[in-house]
Protein chains: 2
Amino acid sequence: MGRRNDHTREDIHSMALISALQIVRDEGPEALSARRVAGAIGYSPGTLYNVFENLDDLVLQLDGAILESLHVYMAEASKAKAGRERITALGQAYVSFTRDHRNLWTLLFERPMPDVGELPEWYTQRIEALFDLIEAALVNLYGGAERAGLAQEARIMWAGLHGICLLSLTQRPEVLGGHGIDDLAGNFIANYVAGLDARHAAAA
Amino acid sequence: MGRRNDHTREDIHSMALISALQIVRDEGPEALSARRVAGAIGYSPGTLYNVFENLDDLVLQLDGAILESLHVYMAEASKAKAGRERITALGQAYVSFTRDHRNLWTLLFERPMPDVGELPEWYTQRIEALFDLIEAALVNLYGGAERAGLAQEARIMWAGLHGICLLSLTQRPEVLGGHGIDDLAGNFIANYVAGLDARHAAAA
DNA sequence: AAGTCTACTGAACAAAGTTCAATTTTTTCT
DNA sequence: AGAAAAAATTGAACTTTGTTCAGTAGACTT
């Protein structure tokens with residue numbers, strides 16, 4: 001078959017991403033392959049390479065979309081809350097997302113990433129947007145006086161949550177002392193915030 | 001070539017692991033392949049499959065060895081310390097390990113793991129041994145009265161540290177507000193321990 | 001020395017990402 | 001309209017994986 005023009009480049013681009021998302025969601029990251037995606041959208045493998053640099057590029061775009069879903073999800077879950085409740089809600093939302101969209105979340109973080117510095121700006125910004133949600137909640141809680149410190153602490157909270165989810169979904173439950181992921185995340189947030197409280201009280 | 005018997009099964013097993021370790025250390029996880037390891041020890045690919053179930057099995061054994069190194073490293077770094085210093089030392093040791101043996105640490109956690117429950121007992125125990133280091137330090141700090149809670153908190157601290165290392169080695173520095181991994185880890189431990197202090201004071 | 005056993009080889013298979021000459025269709029030009 | 005140019009699509013082919021297994025060369029047994 002030769003030229004057929006029934007879809008624009010953009011069409012194919014988004015069709016591929018949608019199909020890839022379905023494949024990963026339903027069958028996990030290991031089911032994703034160039035041939036598989038090409039077949040699902042009714043094109044040959046070669047066509048994908050007109051639209052994506054390579055498969056890693058496709059995955060990166062997909063990751064971007066997933067990060068955006070995660071952002072929406074967390075923002076939604078926390079928007080009506082304030083103070084400590086806001087932070088707790090953000091943490092719970094992250095945990096829920098990893099549980100409810102496990103395959104997508106796995107794709108995000110299990111897949112070997114390109115070297116640092118090779119990530120495009122737009123991608124980095126989507127990661128930062130997640131941090132900013134937590135940072136804003138911390139500012140809401142402690143005031144904007146020491147924003148720099150809170151920015152750092154927001155990153156730490158995010159990393160901590162992330163580590164807990166990773167551990168929980170990777171290890172058998174006994175290893176974690178039988179505690180569920182929600183317990184761990186809840187305890188983490190409570191303790192870390194208690195630590196922040198203590199330090200802010202001391203500073204005041 | 002046929003039978004030659006210049007090495008026992010165990011010889012080949014350990015030679016393969018040693019070569020694999022070198023390859024990963026020097027060239028990263030993506031350089032590891034069955035042919036590569038086989039070549040390095042002077043055997044054909046097929047021979048590896050007499051000694052390992054498959055390549056994932058080899059990697060699992062390798063991961064086990066790396067976990068053991070990590071354990072020795074952390075235990076060594078913290079053994080002369082007590083109380084808060086002990087916990088801080090453990091955290092710093094973990095961070096140092098991820099920095100100094102980045103490729104090995106990457107193999108441990110970047111490689112897609114077999115499904116939960118398929119990990120052998122001995123492997124799970126090595127993970128727990130790491131947790132136990134932190135748990136022991138917490139018991140040393142707060143006493144053994146509420147051991148169950150401390151076990152959970154040890155897992156949380158480990159996960160938090162892990163998340164921070166992951167984030168730091170995966171993202172460009174600007175994303176983390178310019179703070180180095182040591183800063184983040186130090187802040188995390190300080191704040192989380194401060195939170196524990198507050199709660200233990202309240203309980204007393 | 002003959003026969004048995006077995007460690008080892010290496011060719012072969014499937015599936016992966018990726019490339020690109022050939023082909024067919026659309027667009028443009030005269 | 002017809003010819004020429006451009007573009008989009010294919011699919012076969014190449015490379016590199018992990019993995020298997022019939023065959024074989026060497027070591028052991030009697």
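In this text the structure is predicted, and so the values were computed from the model without any measurement. Both backbone and side-chain heavy atoms feed into the values below; hydrogens, waters and symmetry mates do not. Every chain is numbered from 1 and lettered A, B, ... according to where its sequence line falls, protein lines coming before strand lines.
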Q. So does A:D182 pair up with A:R99, basic N to acidic O under 4.0 Å?
A. yes
Q. Starting at the 5' end of DNA chain C and moving along, which residue's nearest nucleotide shows up first, A:G46 or A:A34?
A. A:A34
Q: Take the protein atom CG of B:L55 and the nucleotide atom P of D:dT17, then report the distance between them rounded to whole Å.
A: 11 Å
Q: Starting at atom CZ of B:R35, determine the distance to atom P of D:dG18, rounded to an integer number of angstrom.
A: 7 Å
**Q.** Rounded interatomic separation in angstrom, taking OH from B:Y43 and P from C:dT9
**A.** 7 Å
Q: Report which part of the nucleic acid B:N54 touches: base, sugar-phosphate, or nothing (heavy-atom distance under 4.0 Å, all strands).
A: sugar-phosphate
Q) What is the distance, rounded to the nearest whole Å, between atom CD1 of B:I12 and atom C1' of C:dT9? A) 12 Å
Q.
Rounded to whole Å, please give me the gap between CG in A:L32 and P in C:dA16.
A. 10 Å
Q. Can you check the B:R4 CZ to D:dT24 C1' distance for me, whole Å?
A. 14 Å
Q | Electrostatic pair A:D132-A:R126, nearest N-O below 4.0 angstrom | A | no
Q: Calculate the interatomic distance between A:R3 atom CZ and C:dA22 atom P; express it in whole Å.
A: 20 Å
**Q.** Rounded distance (Å) that lies between atom P of D:dA8 and atom CG of A:D6
**A.** 12 Å
Q) Looking only at side-chain N and O atoms, does A:T47 come under 4.0 Å of OP1 or OP2 in D:dA8? A) no
Q | Exam field: side chain B:S14 to backbone B:D11, donor-acceptor pair closer than 3.5 Å | A | yes
**Q.** Check: A:L167 main-chain N/O paired with A:T170 side-chain donor or acceptor under 3.5 Å
**A.** no
Q: Could you please name the option among D:dT19, C:dG10, D:dA8 that lies closest to any side-chain atom of A:N5?
A: D:dA8
